Asks: 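Quick one: the structure is below, questions incoming.
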2 protein chains.
Amino acid sequence: MAVQRIADPASENSRERKNGKRSSVTLKDVAAAAGTSVSTVSLVMNHKPGARIGKDARARVLKAIDELGYRPNTLAQGLARGRSNFIGLVADSIATTPFAGQIIHGAQEEAWKRGYVLLIANTEGDRDLERRAIEEFMEHNVSGVIYSTWYHHEITMPPELTQVTTVLVNCSDPNSEVTAVVPDEFRGGKAAAQMLIDAGHRRIAFVNSTSISPARTGRRAGYLAALEEAGIPADESLMFDTMPYQEGGMRIAEQVVQTGATGVCCHNDRVAMGLYDALRDRGLRIPDDLSVVGFDNQEVIAAHMSPPLSTVQLPHYELGVVGVKMLLEDVESPDRAGFSRTIRIDCPPVMRDSIRRL
Amino acid sequence: MAVQRIADPASENSRERKNGKRSSVTLKDVAAAAGTSVSTVSLVMNHKPGARIGKDARARVLKAIDELGYRPNTLAQGLARGRSNFIGLVADSIATTPFAGQIIHGAQEEAWKRGYVLLIANTEGDRDLERRAIEEFMEHNVSGVIYSTWYHHEITMPPELTQVTTVLVNCSDPNSEVTAVVPDEFRGGKAAAQMLIDAGHRRIAFVNSTSISPARTGRRAGYLAALEEAGIPADESLMFDTMPYQEGGMRIAEQVVQTGATGVCCHNDRVAMGLYDALRDRGLRIPDDLSVVGFDNQEVIAAHMSPPLSTVQLPHYELGVVGVKMLLEDVESPDRAGFSRTIRIDCPPVMRDSIRRL
DNA sequence: TTGAAAGCGCTAACAC
DNA sequence: GTGTTAGCGCTTTCAA
């Protein structure tokens, strides 16, 4: 009889709809099934430390949760608790370089580990998009936001960020008090030169970038410091500037060779690549004729050059990790708020085969 | 007098606390300020089509919203509406390659454009992490999830995904009915060979990968198809397999040269890089002695090789865009649900200087 | 055209 | 120990 198709509304689980997926079981359902109140269920769900729950009640609740396949609704939790477990990450470029990906990766893992989830926004540096992203984040009640850039430089923070706990990653704002996490360019530059010095080199060229940046200044200072510590006098004629790409490396090669240097530190791996090519074209061998050190440890490239390139690693992953660590520190202990600081993350040397022992 | 410090609780905006940030203005506040009810405010906020609001009331509301700097609380909206504007993206590797970043980028932009925000999770292929990520997503009431891999291959979908609308990106599951978005390897391979053919080459080698994958099979088939269309007989002696890295390219170089081919299609840009190096070492010139075509259009590399490499682009960005497009299509028109399909995204050729016109 | 009120699923007093 | 209940901020009937 057709009438049978008219199901009893009470017996039909009214939650089974919603896009045909995700039939949501609620706290109330669990409570009913376990024969307890919702608060009891809530209590056992949240492992409240002080909360004493009867061994028996807890067991029933757990059983019900399991049987019903209950999953808490974080939106409701957030609403009730007045806070969410979101962290927003705005990146100025997640695709044009492999770097940003590492930052995101690190941030995501650390956030996850701490029970937070990462919301991401890509702005391509567009100020307006940035503003909208931040607003969107705030609408989502993020606990804080990470503002990151793909290359280390100074920025001026979007004004919207003052309304929310923020940490800067791979950039810093000289006019602001936020905490920033950046690579330690100085120690990185020093490590680069040190690899060559340790291998016995004394005449070490330095091919820097033409564009002004903390990387340019910091690495150069590090290089000079390493020389000084080794008692090697600095020699301006060994220091060059070039475009920080393969082309730059190719163009500067001749001059570097002319100096008679036995080793060279490059501003980055790409410059080193250009140098490799130029040297090859001249029939020169690496590391026999010239030892080369890069910077960045750019994945996919450095390890697979011929010979594999010794370089210094830019700690993007770490940057992301430490970024959320600092952020959560600020978020979870509000007393720290406003306490500014700049964290410098070490850039470890990566020894491969482009350095010849003298 | 000290007593003055005891502020009148009523006059002190009780929302000003919350971590010292983000003083949230609520709908109710706006309603009060505008002298209307919350429902009226809600109505104007949502530009409800049918809802007729007095010109006057609307103006007052808008004014209040503006003055108070009101922003809706999406958690509350989500709760009330029974759905969120989240899309979850699980990636098996966001950092180890530049590729995943592009997918995320595309997905993020498209999601954003449609009013959704992207939640991301990185799993490094760990099945357990994957499960937890998906559960976390579901707890956050995501509207759907994108499951993506960094290289195109066949997978078996995590079972948890059956509970939520899903689309696969850069992978496909032969045993499942979900919609998948993948690169069109066949047309890509064809485009690669076509570049050489168009430049007048007839003896074209093909250096494929040793590892089985849709890329390997598809590109080869495309290469053969292009030859056939051009009336060039396939020649097994021109086809090689090698490791899909720089090393592979270096090792195979000699054999390729021996064939007397005037052009060669490489499985990917990295193989092409290896070939470049090996050729340089032999004193051979590209493209004069050999024309080379890569695959992937790997950023940072291809355009800056010397000479810049002609290649075929892997459409990761597009993959991400189309992925969320398809997802939202499924989500927003539930009638489509269960309708399986595989979308192949074109891989456009990118002409640069590694091909010599004959 | 507008307002009142009943939830959405959960948390956190507070009472028993 | 466990249950009751009042919200969290918003949407959405349903009346007025």
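Letters A, B, ... mirror the listed sequences (proteins, then strands); counts begin at 1. Keep in mind that what you see is a predicted model, and the values were worked out from it rather than measured.
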Asks: A side-chain contact here means heavy atoms from C-beta on lying under 4.5 Å apart; do Glu160(B) and Glu130(B) qualify?
Replies: no
Asks: To the nearest Å, how far apart are Asn85(B) CG and dT11(D) P?
Replies: 12 Å
Asks: For the residue pair His105(A) and Tyr317(A), does the interplanar ring angle fall in the parallel (under 30°), tilted (30 to 60°) or perpendicular (over 60°) class?
Replies: perpendicular
Asks: Polar pairs (N or O, both sides) under 3.5 Å between protein and nucleotides 6-8 of chain D?
Replies:
from   : atom 1 : to       : atom 2 : distance (Å)
dC8(D) : O2     : Ala80(A) : N      : 3.1

Asks: Side chains of Tyr116(A) and Glu110(A) only: does a donor on one sit below 3.5 Å from an acceptor on the other?
Replies: no
Asks: Calculate the interatomic distance between Asp56(A) atom CG and dT2(D) atom P; express it in whole Å.
Replies: 8 Å
Asks: Does Asn73(A) place a side-chain N or O at less than 4.0 Å from the phosphate oxygens OP1/OP2 of dC8(C)?
Replies: no
Asks: To the closest 0.5 Å, what do you measure between CZ (Arg341(A)) and OG1 (Thr179(A))?
Replies: 4.5 Å
Asks: Does anything in residues 32-41 of chain A come within less than 4.0 Å of DNA chain D? Heavy atoms only, and list the residues if so.
Replies: Gly35(A), Thr36(A), Ser37(A), Val38(A), Ser39(A), Thr40(A)
Asks: Taking 4.0 angstrom as the limit, do Glu109(B) and Lys113(B) come out as a salt bridge?
Replies: no
Asks: Nearest-Å distance, CZ (Arg83(B)) to P (dT12(D))?
Replies: 8 Å
Asks: What is the distance, to the nearest angstrom, from the CG atom on Leu75(A) to the P atom on dT11(D)?
Replies: 13 Å
Asks: Given atom NE2 of His140(A) and atom P of dG9(D), what is their separation to the nearest angstrom?
Replies: 17 Å
Asks: May I ask you to say whether Arg83(A) pairs ionically with Glu332(A), meaning some side-chain N is under 4.0 Å from a carboxylate O?
Replies: no
Asks: In whole angstrom, what separates Gln77(A)'s CD from dA12(C)'s P?
Replies: 10 Å
Asks: Taking the basic N atoms (NZ, or NE/NH1/NH2) and the acidic carboxylate oxygens, is any pair closer than 4.0 Å for Glu135(B) and Arg132(B)?
Replies: no
Asks: Check the distance between dA5(C)'s P and Leu27(B)'s CG and give it to me in whole angstrom.
Replies: 17 Å
Asks: Under a 4.0 Å N-O cut-off, is there an ion pair linking Arg131(A) with Asp128(A)?
Replies: yes
Asks: Within this structure, what is the CG-to-C1' distance between Leu43(B) and dT13(D), rounded to whole angstrom?
Replies: 12 Å
Asks: Just checking, any donor-acceptor pair under 3.5 angstrom between side chains of Ser42(B) and Ser39(B)?
Replies: no
